[in-house]
Structures are given as structure tokens and as C-alpha cells.
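Structure first, then comments.
Sequence positions, counted from 1, serve as the residue numbers for this chain.
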Amino acid sequence: MVFVGKAIPLLFAAPSALRTNIHFSGAGSITSLRSTVEKTAKNNDAPFRLSDMVETTKNTYSDLAKGCFVTEATPTISFQYIRPLSERASSDNIAFFEEELSGCSDTSQTIEKIQATHDNEKPLLLYLPGLDGVGISAVRQYDDLSNAFEFWRMRVDPINDRSTFSELTTAVSSFIQDVAMKQNRKVILVGESFGGLLAPAVAMKMEAIAGKENSPVMGLVMVNPATSFYKTNWSTWAPILASLRHIEQEEEEGSSSSLPTPYSVLGGIALSVTIPDSSQFQSIFDIFSKTATDELQTIVESMRDGFGILADNLPAKVIEHRVGQWCNVGSQVVNPRLHKLNVPTLFIGGDEDNMLPTKEEGDRLVNLMPDCTSMAVKDAGHFILDDRFNLTSAIIDAPFDPFNKKTNKKKYDPITDWKVPSEDDIREAVESKVKPLRDLVSPQFFSTGSDGKRKLGLGKVPTPDDGPLLFVANHQLIGLDLSMIIAQLLEERNIAARGLAHPIIFQGGNAFGGGAGPTPGPPQRITKRNKEGPVDPPPDDFQTWGAVMVSPRNFYRLMSTGQTGLLFPGGAREVFHGKGEDYELFWPEKADFVRVAARFNATIVPISAVGSADSANILLDPDELLNLPFGLGDRLRNSSENTISARFDQSNSDERFVPPLVVPSVPARHYFVFGKPFETSTIDHGDKASCTNLYGEIKSELRRGLDDVLVAREKDPFKEFAQRLAVERISGKPAPTFSVEELNKNI
């Protein structure tokens, strides 16, 4: 079978209906078109054709006029209850339900009967459609919504309705009073496109009726909402398209039209340009590319019928009325009041929406509305509710928490809940992220015993079996060596060192580029944010591999729980050093990390790292950048001052967070000397003098490692990149280095 799920934008009206291959059949059942098509394709070995899509779209429009139970607000506005899929599976269930409802004397009694079918356990959800008034674009979501919620949808007559925006708002509000307020229930409002403009208007009206504290609206879901309509040119173009009806030729009585109307053609083209996303366009192309030459006549006829769907279900007069009286008026009514709407809101927007500026609208509403969370969906257009997106799951996880899932949910604790990645994850990370860097810089690792003598490899590095372990290292230029340190400790000693990273890393910065491994799974299609920043972000490389935000509290908790920390006392000043400052240490005067380590009898191991500063040339260092003319330096200074400081005892302006302007040079070989371990079990953490003395000894040991390796590397026969690379490519293993005795000459 040729799956045509994403191709319906060709028909300009029913993207999800065909994308999901589901349509309604009768008032009480839903049948799956997918199974029908698969059966047909299997029997006839024929692909799903454009004519099949046209026919199915017509059927879907027809079936959406029906419902398991319909209550009319006006002659042209109704609300339809959709039963759960499981209850529509058999004719017996349907007959029983219809018999139950037939005994109800009024709408209120019927609503109570419906509520009783799920013992009042399901939240109430009302879907408000777009300009078509019937909600065909969300058909794919109806099964899941009806299973999880008591699901109602609004329907507006696509031909005869001429309601104003105010009348629509009143009709929905009156229905909510009947189905929710009178039953002492809450309702979730879901509005798509124009429905996303109507939904907040209804929420505002319910606040006016019941009061802000007693509003029955539990939460608001705005899907590609038309609150951004005022930023588009549709108010100009829609009337022009609608005016084409005046030049349509009158057909002779009894004749049948062989050509689509100018309105349906140009309107269809306009929508086809703005509605489909890239994936949907590809599906359309696939259908045409698989069309045989002898089927072209059928294709032309199907396209004529497809254009006719627009004229039949959204006539020119209707679109003119709805754009002017719904979208224009609604924008003027709703937007000035959104900042006062204190209802938990979930905004869902496709980043490829070409009909409305949805991507920018998400940011606007998050900043404007008191309680709004934005969910951005990658590679999705205006018809976002297709088979690639699950609206039910999004609502279940929404901030208003309809099922109280988050009430007793334990919040993730990055200190105690983090787990070491699996061996497979470590292997994959090393292969994909660390090995390419190792191939360039051929790192050499040395460790030091308690007697001060060095040895090749990490054999003398203590393990954290007897208590917490703390590595303190100089921060090399740009910090690209972090992944090599973490990977080597994991591979050689099975030590999971947890880096204490700058706060900017946890704001989506990843500024140092030193992640040790890939984020599990595919790139995230959905991202959420609110006023405070990302919501439930997937762990990045740093967090996956144990990094935590550097702070006194996090450091204290790492040590108190017996874990291994990796600290860079020099911080941003050291990693973004200036010209002529290679391998200098810029440590603070306070010995705070020693005092905390001593409190928990941690073992401290300094790490002397060399190589990064020799692998790049600094064109402009931070001081030179801050002195740039034409306001450039001032802009950098302002940016630095607005970056959160990593040190709790200094302001943002005291920490210079300005990376130097560098260009890569020939990769230099990297060397890591793990210095002599320092036990703190004999140190009183309350004795400031003792802690300060130990702090000085640790810094001196790290300095000694730097000085020794800078001298010893001159004896490395494969210090130069070209020679080293040639030997390693031929031998398939790391090139040898200088004798370890070169590091032990001064002992």
C-alpha cells in the first residue's frame, strides 16, 4: 500500500483526515480507512490514488456532521459528544447507548448520563475548530482524545452560519455552563487556528461570569492560534479571493461543471502554499511521481473534485464573513486582554507554519500571558495535528495537569538520581565524540603516587571506594579536553567524575563544547519553555554524563553523598585566558573547596593539563575585544555582565565571560598529569589555616605538573602532528611518548 497520510494538504481542507486514514461512519462508530485501503491494495495490488483521497475527504466532511450526541446552541452551532473508540466497537454498545439517551427528557439529563458512563473519572474537554467550523484537521486526534477525556467538539454550519465573534463566544460559554458549571466540573478548552483565538475569549467570558477564582476552565490549549492573525495579510487577501465569486460564469440549467471555479482554484493554490509542511509536500510529490501516464485524465478529474471541496465546504461568502467577522474582530477583542488571562495555557506551534507567524507567536504569548508554556514542534506546519503528533499526550503532560499526575511525582534530583551511563552508551560516546578528538591530539595520561613519582597511565589514581574523590584541574583554553578526561577515567578506572559546570551550560549554552557523549535518542522534535526557561528539557551531553551546575550546595551534596567531583577552580577566567597567559592559574584566594572536601574526608587529586593553548592562535583576547570601537566592546561587556556568575560570592559583572577570538592551528599533543593524592581525613574543616595551607599545596602540585610536562614534552619524539599522525595511521595504535623518567627528574 502507498501510505498517503501526509498528502491531504493537496485538497486544501482535510490534512489530518487522510493523513490518519480514519473517517466517521454513522453516529456511533468510527471505522479505519487504513485497514480498508490495505485490504484493497493487497487484493488489487494498486496504490492509494488521488481519487481515493478526494472521495475519503468528502466522506469525512459528511460524517463530521454527525455525532454520538448533538446539542444545538443555535440552528447553525452545535456541540457533539464523541464516544470512546472502545464503546463504538460493536453494534450492541451503540444500541445500548442510544437506548439510554432516548429516555432522557432534556439536555441536562443527557449530559449526566454521559458523565455516568465513565463514573465522572474523565476530565471534560471541548475542541474548538478552525475557520472550516467542523474540525476536520484534528480528526487524527479524536480517538485518543475520546478515550482519555469526555470529549466534545464544536461544529459550525459551513454554509449557512453567519454568527459574529461575540455570538460564537456566547454559544460556547453557554454550553460550558450547561456541561461544566451546572455539574460542578472543570473543562479543558482546546482551540486550533481560529479556535485558538476563540478559546481565550471564552475563557475570559467564563472568568467574567464565574469570577477568576471560580472559573470552570481548568486549562487552555492553543494550537497554531490565530491570535497572530493581525500580523498577516489575510485580512486583505481573503476578501480579494472571495470576490472572485462575482466573475464565475453562470452555467446553463441542467449542465454539469467541467471546470473548478476561479475562487476554488486560486484559493486552493493559496492554501496549498501556506498549509503543507515539508513532509506533507514530499507526500504530495510522491503520489504524483507514482502516477502512470494513462492515469493523468483521472488525476485531472480528481483535482477538479478536490478544488470543489473548498468551494463546497468553505464557500467564498463564508470565508469573507469569517475572516472579517471572526478573525479581525476576534484579534481586536482578545489580544489587548491576554495579559490578564490567568488560566494555565499550553501553546502548541509548528515551526514551519506558513499561514500564521506561529513561531514568533509562541514567544510572544509566553512573555505576555501570566501562565503560558510554549511547545514548539519541529518540521510541522499549520496542520500540525497529524499522525506525527499526539495531542492527548501533550494535554496530559500540560501545566494544568488534568489527571493530577504531578502531585505525587518525585522531582528529579541531579545529585542523587543520576545514574552512570551503560557500557554500551559509554562505548558509543567514546566512538562518536571522544575518538575523533583523540585521533587529533593523541592524549597521554600519567598518574602520581603518594611518593610524588609519576607513572604512565592512571594506575596510581585512587578510587572512591573509601570516600568521596575530588579532581581539581586547570581549565584549558575553550575547555575542549573535558570529554577526554571523563572518558579516560571511565574506561581505565571505572570512575565516574561529575563535572561542576558553569551555569550557562544549563541554559542551553553548551559553551565549552566538551560533552563526553551523545544525548540518547533522536534529535528532539518537541521543545517546551515558559518564562523561567526550558521545561523538562532532555539531558544534554553534560547532564547525561553527570555534570551539575557549579554551586556551593551542589558541591557540598556531591561530597556528602560520597561521589566523585571534577572542579576547575580557575573557571571562566582561566578557560578564556588572554595572550601570553598559556597555562597560568587564576584560582580564587578562598580555600572553600578544601574545607568542604575535608568535612567529608575526601581525597583530592590535582590534574595538570597541557595542549589546548598550543592548538589555537588567539587573534583578539578578552581585553582587546572589550576595547573594540563602535560600541562592539560595550556590547560584549553588557553581554558578559548579563551572564550568571559561576561564583556565589561575586556579581555577574565581576566574572569576565568573554571568549577570546581564536583560530585553530595544527593540533598539539595533549598531556594530562594526575598529581599526588591529598588526603583530608587529618584536616579539621573548621581550621581555616590548615585548609588554606592544603589549598596552597594542591595548587603547587598542579603547578609542578604543568611545569614538568611542558619541559618533558620537548623530548617527545612524536610531538609534531604530521609525524605522529603518520605513525598512528600505519601502526593503528597511539604513538609512544617521552620516557616517564623525564617527569621524575626533579623528584
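Classification of the Y142-F151 ring pair by plane angle, with boundaries at 30° and 60°, yields tilted.
Between D363 and R529, at least one side-chain nitrogen of the basic residue sits less than 4.0 Å from a carboxylate oxygen of the acidic one, meeting the salt-bridge criterion. K528 and D397 are not joined by a salt bridge, as no carboxylate oxygen comes within less than 4.0 angstrom of a charged side-chain nitrogen. Checked for salt-bridge contact, D178 and K182 meet the test: a charged N lies under 4.0 Å from a carboxylate O. A salt bridge between K212 and E207 is present, with a side-chain N of the basic residue lying under 4.0 Å from a carboxylate O of the acidic one.
In this structure, F149 has its ring center no closer than 6.0 Å to that of Y127.
Nearest heavy atom pair, residue P216 against residue I176, reads CG-CG2, 3.9 Å. For the pair V179 and R185, the tightest heavy-atom approach, listed with the atom from each and the gap, is O-CD, 4.1 Å.
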One pair to check against side chain to side chain contact (heavy atoms under 4.5 Å, CB included): T164 and E167. What are the steps and the verdict? CA-CA 5 Å; T164 65; E167 290 168 341; 3.2 Å; yes
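Heavy-atom contacts from other residues, nucleotides or ligands closer than 6.0 Å to CG of N184 number 12 or fewer.
Within the structure, every pair that satisfies the salt bridge (charged side-chain N to carboxylate O under 4.0 Å, His left out) test and touches residues 220-236, not counting sequence neighbours, is listed here: K231-E361.
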Considering only distance and modelled atom types, tabulate donor-acceptor pairs under 3.5 Å from the side chains of residues 339-350, sequence neighbours left out.
unit_1	atom_1	unit_2	atom_2	d
H339	ND1	P336	O	3.2
T345	OG1	V343	O	2.8

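Checking T76 against D161 by side-chain atom types alone, a donor-acceptor pair falls below 3.5 Å.
Residues passing the salt bridge (Lys or Arg N to Asp or Glu O under 4.0 Å) test with K359, sequence neighbours excluded: none.
In terms of modelled atom types and a separation under 3.5 Å, the side chain of D386 and the main chain of R388 share a donor-acceptor contact.
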